[in-house]
Amino acid sequence: MTDQSQRDQPVSDQPAFTAEVYQNEYLPADGTVVDAVITVAASGAVSTGPLSAAQVIMIDSSGSMANPPTKMAAAKMATTTAIDTLRDGVAFAVISGRARATMVYPYAPELRLASPQTRAEAKQAVARLSADGGTAIGTWLYQANQLFATSSAKVKHAIMLTDGRDQHESRQDLLAILRACEGRFICDSRGIGNDWVADELRLVASTLLGTADGLENPADLPAAFRSMTEIAMGKSQTDVSLRVWTPANSTIQFVKQVYPQVEDLTARRTTVSPRIGDYPTGAWGAGESRDYHVSVAVPAGSVGEEMLAARVSVATGGDVMSSSLVLATWTDDMALSTKINQRVAHYTGQAELAAAIQEGLAARDAGDIETATSKLGRAVQLAASSGHEDTAKLLGRVVDVVDERTGTVRLKQRVAGVDAELANVRSVKTIRVKKAQQ
Amino acid sequence: MADPGTSSSTAAAPVPPLVLPERLEPARCPRCGDTSDPKARFCEACGHDFAGQDGTVPAPLVADTSGQEADFAAARIATSANPPARCAGCDGTGFAAQPDGGTYCENCGKRRAAGRPHAEADLEVIAVASDIGKRHHHNEDAFGIVRLPQAYAGVVCDGVSSSSRADTASHAAADAATRAFARTLDTSPADSGDAQATIAATIAATMAAVDAAQAAAASAGSDQAAQSGGPPGRERRPDIANPASTTFVSAVVTPDAVTIGWVGDSRAYWLAEDGEAACLTVDDTLGSQLAAAGIEVSEATPNAAALTRWLGSDATDTVPHVASFAPSGPGRVIVCSDGLFRYAPEAAALAAVTSKGTAIDVARALVQFALDAGGGDNVTVIVMPYPPAVPTAEEDPAAQNPAARNPAAQATPQPKDQPR
């Protein structure tokens, strides 16, 4: 029996987080896989005043930024806008990125606290920036990491802007530096111009729990920089983990963030105890809401049995803020066991959509027309059926759609390079279940 | 179990010769459920060590709350509501460490049952035995018995197996009803000498007990709802298709009458010492209701066995059927779940397999009869003699010394001779 008074859950009047489970708990007699979508929301009550923050802006200053000159001008304007967006007292620095990283502001490798004076000095330094040299993103990140290490700010946020391929370092070097930076700061990566590489932007953002995107029009840069800075300044809870308890003899198949973008967290588990693992989710702002898809394989039970397949909590530091139960009940009632939860189905589709786009574009680059056509056709079909209009539009720049319902497409003969990269970098962006579908 | 999918009145199975077991427990292994030798140290089937940390063999539960509540100081009661300490899935004791209030095992995740696979209670003149049977994972049958100086009451609740966590509703309902009986019968004029007043009091007590049972069953079901939509920050669980629900049957035995109350398809029988036998209840099933109205119903009729009434958060009609009768001579009232009467539905058939003996012996023997006949369902049997034994001065502290009607005086009931 469940006795309310026996529960020893800490109950606060205004919880910082809520976690809501969506699943069909009913499994057929031989069923072993339990899927659930957990919607985690940071309530408006999270904020206890703004958290201390630090921000580093990395501007690609390689030679290609001068061609066309509007790119460098827009990058400078955007950096200036971001500097103006910083609250007084936020520690900041600006780095110029080439084959090596150099300090733009301040001159010494350190952070400065934002004030009218330091903002003015920083903007002057940014104005003097010129485009020249190569691209090695890892060295920029390394420098940012060194700067953040000197700060005790709660929120450490970086913006990385690049216009080209990361060509002056090896992939291994970049991966090693990313590993060193992981968990130290959050980084949003942005591409400008026609030559950036979606996979690189996604790798940086994914590892450093930020967002990746490409900007088609240099004129959009200042607004994007302001927005990223504002969001970072608005973070009110850092080091938030998804804490997952699973029973003995079960296997976690995956833990994925599925909204606002697909992020597979499965491999990023930190063991808390034999039954409990933490998955990093970074920093949260008040009112933010994200969805997670957890899939657990449990030993088959017999009809009538019920078990707890997972307990999903939100943990910050040592505190468990909220938790939800993912259940499994075995039944011989087909009407119950064959139902697929709407949200689970939706996000399974969204994850497949992201994978289909990435695999389709990779096949296209490799010259495998057949695979590319099939994968991108499936992507068109999934985007249409889930009502993901933005992605449908992007796909329309890569393929000619014959029938979106059946996923019949033809690869476009001439595609601007940036269109494929845009489709790729935005492939992970998901939408929530449309109201009409619910 | 009141399983709407199975017929509750199939033809009587051939009655096997009745053998009274010397000792029923331990009937089965707590880990694998296999029937085990009472003297064995290890389970023959799975090797489970019966001599666990918390004792030796899995002893039957008797939750005797005699005198623990001032409300019904003169009553001795026993109910089945007592969740097991060890997990049926992994045999661990992970319930305590679990933040859900012990609902799930912290090690293997299995849900904790509300009651035990096998439970018995013996208040000397009245007794009950209950067993999980051979097909089910939980004992969704629940019971409670009350013994007062001049009145007995017994309650059986059978969780509806098609509802979620039926055992939570049945055990909560039986426990609440039993306590309600103890409270009301303790203060009602059972020994006033006015038969009409006594019968009216037992009927009122039955109505109150069903109210208490319904409230408890509904809150067991809505606990689930509270968890799915409760305040944020608490443990939550997703929506449940069918809230927990249960049947209810009770009998009150006083010197003047036997009063029966029921909702659903659990039954009460009267077995007179002179051989007369009768089923006192009419099942709340489509088939039984039609038959009672004189309409021929084929056993094959779809939904003939479907329950028409039950207790629980989704129940709409919970007013019990109540019947009272004055037996012409001594006999026994049997209150039971369909796990018993599916194997002997006719009163005469049940009488034929009911042995003579003490209440606990008869209860155990009838449970064993059902297990031997197939044990297809949970089985629970309460045995109460009529008329109630007139308490001797030695037996009734209240009669001996009214001032002694307090918990301390009643806390350790003295062993006494069988009153028959």
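A, B, ... follow the sequence lines: proteins, then strands. Residue 1 opens every chain.
Looking only at heavy-atom pairs under 4.5 Å with chain B, the residue among A:D333, A:N249, A:T331, A:V303 that has the most is A:V303.
Within 6.0 Å of CG in A:D239 there are 12 or fewer heavy atoms belonging to other residues, nucleotides or ligands.
Interface remark: A:S250 contributes no atoms to any contact with chain B (heavy atom separation under 4.5 Å).
Between A:R311 and B:E106, some side-chain heavy-atom pair lies under the 4.5 Å cut-off. Here the side chains of B:R111 and A:M307 are not in contact, with every heavy-atom distance at 4.5 Å or above. Contact check for A:R275 versus B:N107: side-chain heavy atoms found under the 4.5 Å cut-off. Side-chain contact between B:K110 and A:E305 is present, with heavy atoms from C-beta onward closer than 4.5 Å.
Here B:Y104 contributes atom OH and A:L327 contributes atom CG; the two are 4.0 Å apart, rounded to the nearest 0.5 Å.
Of all the heavy atoms in A:P247 and B:C108, the pair that sits closest is CB-O, 3.1 Å.
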